Amino acid sequence: MREQLELLWELQKIDLDLKSIKEEQDRYPKEIKKLDEKQNLEKERIQKERERIELLEKERRKKEGHLTLEQEKIKRAEGRMFEVKTNKEYQALLSEIDAIKEETSREEEEILQVMDEIDELKKDLLKREKEMAATLEKIEGERKVLQERMAQGDLIWKKQMERREVVSKQLESKLLKLYNTLKEKRQGVSVVSVKGETCQGCFVNVPPQMFIEVQKNNALIRCPNCNRILYWERDGKAK
Ligand SMILES: [Zn+2]
């Protein structure tokens, strides 16, 4: 019986291990997805800044084009200066030129402002791009760690499944059946240790006489409260 109890205990440990591996393996893809989202957000932010700069560049080119036209207008008006005959015409032409000049100088001012803004944004973008590169690198590192853990989890899973097969075969079929039934009814835990005099499955004390028997580990004893199979962990942390 002792050997059978030990096998049951081992089977229980394997199953708990498999359960936690499964939980972790389920979690990794979600974490990787979160990393993907973070990465995309980062890229989108930068893209928006680039678009803003492009828009301003376009605005600048448009203003410059307009400015060139205005400057040509001034040249033409100035050319006409030699053709005017009366003082009145001359005065009219002068004020026309002044008006255009006023407008061009306003436009030049605006172009300078846009260029300043572009410069600021470009500086900011450069900084952000560096930050993004660092962030992306960090995310890539995290992704790698997760992928390695997943691969490792798969490996341990396989090993434990093989061992489970061996242990299950060595168990008496009625014990295996009891184990499986309890496992299903008791949240995956069929075999528990006893610490002090307390069942580690339901944390209720077992009767003193039963506790003495449990420590011998040579009979199938079940917790009177939760029905689980009790096991005395010899070298364990049992006090
Ligand atoms: Zn119990």
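Heavy-atom basis, side chains included; hydrogens, waters and symmetry copies ignored. Bear in mind the structure is a predicted one, so any value in this text is a computation, not a measurement.
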Heavy-atom pair of closest approach, residues [X] and [Y]:
X	Y	result
Met150	Pro29	CE-CG, 4.2 Å
Ser190	Tyr179	OG-O, 2.9 Å
Val194	Cys199	CG1-N, 4.5 Å
Asn218	Met1	O-CB, 3.4 Å
Ile97	Ala77	CG1-CB, 3.5 Å
Gly153	Ile21	O-CG2, 3.7 Å

Could you check whether any side-chain heavy atom of [X] comes within less than 4.5 Å of a side-chain heavy atom of [Y], counting everything from C-beta outward?
X	Y	answer
Leu8	Tyr231	no
Glu89	Thr86	yes
Gln25	Trp157	no
Val206	Thr198	no
Leu69	Glu72	yes
Gln12	Val192	no
Glu78	Leu93	no
Ile229	Leu5	yes

I need the [X] [atom1] to [Y] [atom2] distance, nearest 0.5 Å.
X	Y	atom1	atom2	answer
Ile46	Met132	CD1	CE	5.0 Å
Arg163	Ser168	CZ	OG	10.0 Å
Thr135	Ile139	OG1	CD1	6.5 Å
Leu176	Thr181	CG	OG1	9.0 Å
Gln215	Leu230	CD	CG	11.5 Å

Under-4.0 Å salt bridge between [X] and [Y]:
X	Y	result
Arg149	Glu24	no
Lys216	Glu213	yes
Lys63	Glu107	no
Lys101	Glu70	no
Arg2	Glu6	no
Lys158	Glu162	no
Lys144	Glu148	no
Arg80	Glu96	yes

| remark: Exactly one of Arg27, Lys33, Lys34 clears side-chain hydrogen bond (donor to acceptor under 3.5 Å, both in side chains) with Glu31, and that residue is Arg27
| Glu117 and its side-chain hydrogen bond (donor to acceptor under 3.5 Å, both in side chains) partner, picked from Arg52, Lys122, Arg60 | Arg52
Verify the neighbour count for atom [atom1] of [X]: are there more than 12 heavy atoms of other residues, nucleotides or ligands below 6.0 Å?
X	atom1	value
Glu137	CD	no
Glu3	CD	no
Gln47	CD	yes
Gln152	CD	no
Glu184	CD	no
Phe203	CZ	yes

Can a donor-acceptor pair be found, under 3.5 Å and without considering hydrogens, that links the side chain of [X] to the backbone of [Y]?
X	Y	value
Glu129	Asp124	no
Gln209	Pro207	no
Arg164	Ile14	no
Arg228	Leu182	no
Gln4	Leu175	no

[X] and [Y]: same hydrophobic cluster, using ILVMFWY side-chain contacts below 4.5 Å?
X	Y	result
Leu67	Met115	yes
Leu220	Leu171	yes
Tyr28	Val145	no
Ile156	Leu18	yes
Ile118	Leu121	yes

| task | Under the side-chain hydrogen bond (donor to acceptor under 3.5 Å, both in side chains) rule, what do Asp17 and Gln160 come out as? Steps first, then yes or no, please. | result | CA-CA 8 Å; Asp17 200 22; Gln160 291 290 56; 2.6 Å; yes
| What's the verdict on side-chain hydrogen bond (donor to acceptor under 3.5 Å, both in side chains) for Arg143 and Gln39, showing C-alpha distance, side-chain angles and the deciding distance? | CA-CA 11 Å; Arg143 187 200 310 278; Gln39 205 169 26; 2.8 Å; yes
